[in-house]
Amino acid sequence: MLKVLKSGLFTTIQDAGRFGYLNKGVPVAGFMDTASAHKVNQLLENAVDSAVMEITMTGPTLEFDSPTFICIGGAKHSVTLNNNPIGHFQVHKVSPGDIVSYGKLEKGFRSYLAVKNGFKTDKILGSRSLYAPVTPKSHLEDSETIPYDSCEVFFPKIVELKVDSVLDNKVLNVSKGPEYELLGDKQLETLFFQDFTIANENDRMAYQLVEHVEGHKVSMLTSATLPGTVQLTPSGKIMILMKDGQTTGGYPRIFQLSDNAISILAQKKFGDTISFKLT
């Protein structure tokens, strides 16, 4: 078991997501930054959909009660194992009683901690991803315990990865959404030739942007949406749905983010800037 001594701001368990339930209004959930989550699982030779811990901004303090191997990655925190600094995207062995502590956030917004063979929390609708009200809670709490399989011996093929991090990228590759053709020249010029600032309203459900574009008077029926769907409100506000986002919406769907663009955006916080690039 892993004991959560301090849970941090918003720490969850996430896997690849919950599929096949969008028609029932259940979001996909899952890794916000899939690129980083896959890499920490890869180093531990886990299945790509193995459950990891997703840590938002302020990290936890964790105590391990059985041996295993871990890997951290994503946002850059100062992280220690028994008060000794450990590196990102490296395999580290932990023993019973070892404590991993997250300190200052240096870059990015979400980081990931994987254990050998993944965390073994309950599966609900085929996924271990936390998303209330499908799961009993939305995030981990102090003193909670998280199951994992003990592992004393592991000889990784690769012990460290030098990765092309999504942290320094601000360009979001997008494809045309179903209502893209409704955009006028002035709207398109604004969307593709200026930077946008992440608003304070950002979480696992959606990101809003500070800057507006020219509004519209389009009325449309509620239609299906996906993680990465970019909506434009009548007032010209831009909203980008994320992994816990609604499954339908009534605003024009002007863009769809690529999977990598979702990972890039997931590492942005209030005040950061992004831009759109049509691919």
Side-chain angles (χ1 to χ4, degrees), residues 10 17 22-23 25-36 56-57 75 107-110 131 164-279:
F10 194 83
L22 289 175
N23 62 339
V26 179
V28 172
F31 317 126
M32 283 279 278
D33 175 1
T34 300
S36 295
T56 303
M57 194 166 75
K107 182 185 289 188
F109 198 45
R110 291 180 172 87
Y131 171 77
D164 293 327
S165 172
V166 298
L167 303 183
D168 297 319
N169 198 339
K170 73 172 190 177
V171 179
L172 305 184
N173 288 333
V174 300
S175 56
K176 295 179 180 179
E179 286 74 52
Y180 176 86
E181 301 302 330
L182 297 176
L183 295 171
D185 290 343
K186 186 175 181 180
Q187 291 167 317
L188 290 170
E189 182 178 357
T190 303
L191 286 164
F192 291 122
F193 292 97
Q194 76 168 55
D195 288 349
F196 291 89
T197 309
I198 304 300
N200 192 46
E201 299 83 7
N202 68 85
D203 54 26
R204 283 186 53 88
M205 294 184 67
Y207 270 57
Q208 295 187 31
L209 305 180
V210 172
E211 295 80 8
H212 286 45
V213 301
E214 187 179 80
H216 64 84
K217 297 181 180 180
V218 175
S219 179
M220 57 178 282
L221 296 174
T222 297
S223 302
T225 57
L226 296 168
T229 295
V230 182
Q231 296 180 301
L232 182 63
T233 71
S235 67
K237 179 182 289 187
I238 300 169
M239 298 191 301
I240 307 173
L241 300 183
M242 299 298 278
K243 293 301 183 75
D244 290 354
Q246 65 205 49
T247 60
T248 61
Y251 298 132
R253 301 157 296 177
I254 57 172
F255 300 145
Q256 181 65 41
L257 267 61
S258 68
D259 289 344
N260 191 62
I262 295 174
S263 291
I264 292 170
L265 183 58
Q267 292 294 355
K268 304 306 178 193
K269 56 187 178 299
F270 172 59
D272 291 344
T273 59
I274 57 95
S275 63
F276 296 111
K277 180 180 179 181
L278 189 64
T279 56

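The figures here come from the full heavy-atom set of this structure, side chains too, leaving out hydrogens, waters and symmetry mates.
Rounding to the nearest 0.5 angstrom, the gap separating the CD atom in Q267 from the CG atom in D272 is 10.0 Å. To the nearest 0.5 angstrom, L172 atom CG is 12.5 Å from L278 atom CG. Atom CG of residue L209 and atom CG of residue L191 lie 9.5 Å apart, to the nearest 0.5 angstrom. Atom-to-atom distance recorded for T279:OG1 and L257:CG is 9.5 Å, nearest 0.5 angstrom. Rounding to the nearest 0.5 Å gives a distance of 10.5 Å between CG of L183 and CD of E214. Taking CG of N173 as the reference point, atom CD1 of I264 lies at 7.0 Å (rounded to 0.5 Å).
The minimum heavy-atom distance between N202 and F109, with the atom names listed, is OD1-CE2, 3.8 Å. Taking each heavy atom of T225 and Q231 in turn, the nearest pair found is CG2-NE2, 3.9 Å. The two residues R204 and R110 make their nearest non-hydrogen contact at N-NH2, 4.0 Å. Closest approach of S263 to T34, counting heavy atoms only: OG-N, 3.1 Å. Of all heavy-atom pairs spanning A199 and F270, the tightest one is C-CD1, 3.5 Å. Nearest heavy-atom pair, M220 versus G250, reported as atom, atom and distance to 0.1 Å: CG-O, 3.2 Å.
Under the side-chain hydrogen bond (donor to acceptor under 3.5 Å, both in side chains) test applied with T229, the options R253, Q246, Q256 reduce to a single match, Q256. Screening F255, Y180, F193 against F276 for a ring-ring contact (aromatic ring centres under 6.0 Å, His included) leaves a single residue, F255. With L232 as the fixed residue, the side-chain contact (heavy atoms from CB on, under 4.5 Å) test singles out one of M239, Q187, K237: Q187.
Checked by atom type and distance alone, the side chain of H212 never pairs as donor or acceptor with a backbone atom of I238 at under 3.5 Å. With hydrogens and angles ignored, the 3.5 Å screen pairs no side-chain donor or acceptor of K243 with any backbone N or O of P227. Of the possible donor and acceptor atoms, none in the side chain of N169 sits under 3.5 Å from a partner among the backbone N and O of V166.
K176 has its side chain within reach of E181: a pair of non-hydrogen atoms, C-beta onward, lies under 4.5 Å apart. Looking only at side-chain heavy atoms (C-beta outward), F196 and T190 come within less than 4.5 Å of each other. Contact check for M242 versus Y207: side-chain heavy atoms found under the 4.5 Å cut-off. Side-chain contact between V28 and L226 is absent, with no heavy atoms from C-beta onward closer than 4.5 Å.
Within a 6.0 Å sphere centred on NZ of K170, heavy atoms belonging to other residues, nucleotides or ligands number more than 12. When the shell of 6.0 Å around CG of N23 is examined, it contains more than 12 heavy atoms from other residues, nucleotides or ligands. Few gaps surround CG on D195; more than 12 heavy atoms of other groups in view lie less than 6.0 Å from it.
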